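A short write-up of the structure that comes next.
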Amino acid sequence: MILLRSLVFHAAFYLTTAALAILGLPFLAMSRHRVQDFAKFWTGSAVWLLEKICGTRVVWRGLENLPRGACIVAAKHQSALETLALTTQGSDFGFILKRELMAIPVFGWYLKGAGQLGIDRSKRVHALTDLARQAREAVAQGRQIIIFPEGTRKLVGSPPQYKPGVALLYLETGAVCVPVALNTGLFWPRRSLSIRPGRVTIAFLEPIAPGLEKHAFLQLLESRIETATAELIAGALAADPSLKPALARPDSAVS
């Protein structure tokens, strides 16, 4: 039954995405804010479909920790779910993403129209310089920069691998950083079609004020996210032990 409901969700999600991508084309001629409003309608619809079809409901914690203005949102990354859900909170958002995604027809048009921050990873040093420039401009505009410090989705329970990019943003922009913990990977694991029902928790943690040096910042960020994420995972497993198969096996913990 779980797999069947999951397949129904995926079908509904992609059909809805295709329809909205066509219907929303006029928004691309409008401002970044209007494109983002349309994007939030799409992601909000996806989260709604997830709850109605799969019984997977997102519960938010610590929304009071998310500023109304400029900040860096540094989130744990376990699933496609947080990529969708995080856009529904906050205001003028900008994801850090691979620039080649912007070359995808239609989908890339929306990324550009919504003012997302693309980086060319193949250029290494130049990519970081360009990222710092874009980030400073975004913060000056009062935007909220969303970044996944580990760069890619990780299996639940796998060793953390925080990369220096988030520290670059923190140091270059002088913006407050809001860590985000979650347990989404227990319910919608990466590379999995099956989505389990239950209460998914995404928590905005105590913000980290500007002014720390690079290593102190990275240590504090990792400590807050990993500690809170472990607590959310433990709570979910205690409530529903059937979620345990989503945990990383020892031979797959590092990928």
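If you're wondering where the values come from, they're calculated on a predicted model, not measured in any experiment. Note that these values count all heavy atoms, side chains included, but never hydrogens, waters or copies made by symmetry.
Counting only N and O atoms by type, the side chains of R190 and S79 include no donor and acceptor under 3.5 Å apart. Side chains of W42 and T17: a donor on one and an acceptor on the other come within 3.5 Å. For the residue pair S45/T16, the side-chain donor-acceptor check at 3.5 Å is not satisfied. Side-chain contact of K154 with Q78: a donor-acceptor pair under 3.5 Å is absent, judged by distance alone. When only modelled atom types and interatomic distance are considered, Q36 and D92 share a side-chain donor-acceptor pair under 3.5 Å.
In this structure, CD in Q89 is found 8.5 Å from CD1 in I202, a value given to the nearest 0.5 Å. Between the SG atom in C54 and the CD1 atom in I195 there is a gap of 4.5 Å [rounded to 0.5 Å]. Here the CG atom belonging to L155 is positioned 9.5 Å from the CG atom belonging to L247, to the nearest 0.5 angstrom. Here L205 contributes atom CG and R61 contributes atom CZ; the two are 10.5 Å apart, rounded to the nearest 0.5 Å. Distance check: R5 CZ to S194 OG gives 12.0 Å after rounding to the nearest 0.5 Å. Taking CZ of R199 as the reference point, atom CZ of F187 lies at 9.5 Å (rounded to 0.5 Å).
Of the possible donor and acceptor atoms, one in the side chain of Y170 sits under 3.5 Å from a partner among the backbone N and O of L212. At least one donor-acceptor pair under 3.5 Å links the side chain of S91 to the backbone N or O of R68. Side-chain atoms of Y110 come within 3.5 Å of backbone atoms of L25 as a donor-acceptor pair (strictly under, hydrogens ignored). Checked by atom type and distance alone, the side chain of T173 pairs as donor or acceptor with a backbone atom of L169 at under 3.5 Å. Looking only at distances, a side-chain donor or acceptor of H10 sits under 3.5 Å from a matching main-chain atom of L193.
Taking the centre of each ring, F9 and W188 come in below the 6.0 Å mark.
Cluster partners of V59: none. The rule joins Ile, Leu, Val, Met, Phe, Trp and Tyr whenever side-chain heavy atoms lie under 4.5 Å apart, and it links nothing here.
Around atom NZ of K163, more than 12 heavy atoms belonging to other residues, nucleotides or ligands sit under 6.0 Å away.
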Steps toward side chain to side chain contact (heavy atoms under 4.5 Å, CB included) verdict (V200, L182): CA-CA 8 Å; V200 177; L182 42 79; 6.0 Å; no

Worked check of side chain to side chain contact (heavy atoms under 4.5 Å, CB included) between K244 and L237: CA-CA 7 Å; K244 286 184 179 180; L237 291 175; 3.8 Å; yes

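The pair D130-R133 meets the salt-bridge criterion, with a side-chain N (NZ, NE, NH1 or NH2) lying under 4.0 Å from an Asp/Glu carboxylate O.
Taking each heavy atom of L66 and C71 in turn, the nearest pair found is CD1-SG, 4.2 Å. Shown here for R34 and F27, the closest heavy-atom pair between the two residues is O-CD2, 3.6 Å. Heavy atoms only, all atoms of each residue included: P210 and A175 are closest at CB-O, 4.2 Å. Closest heavy-atom contact between P207 and V176: CB-CG2, 3.5 Å.
Between F148 and F95, the ring-plane angle classifies as tilted under the 30° and 60° cut-offs. Aromatic ring orientation, W60 versus F204: parallel (interplanar angle below 30°, classes split at 30° and 60°).
If you run side-chain contact (heavy atoms from CB on, under 4.5 Å) between L117 and each of E137, R99, R143, only R143 comes through.
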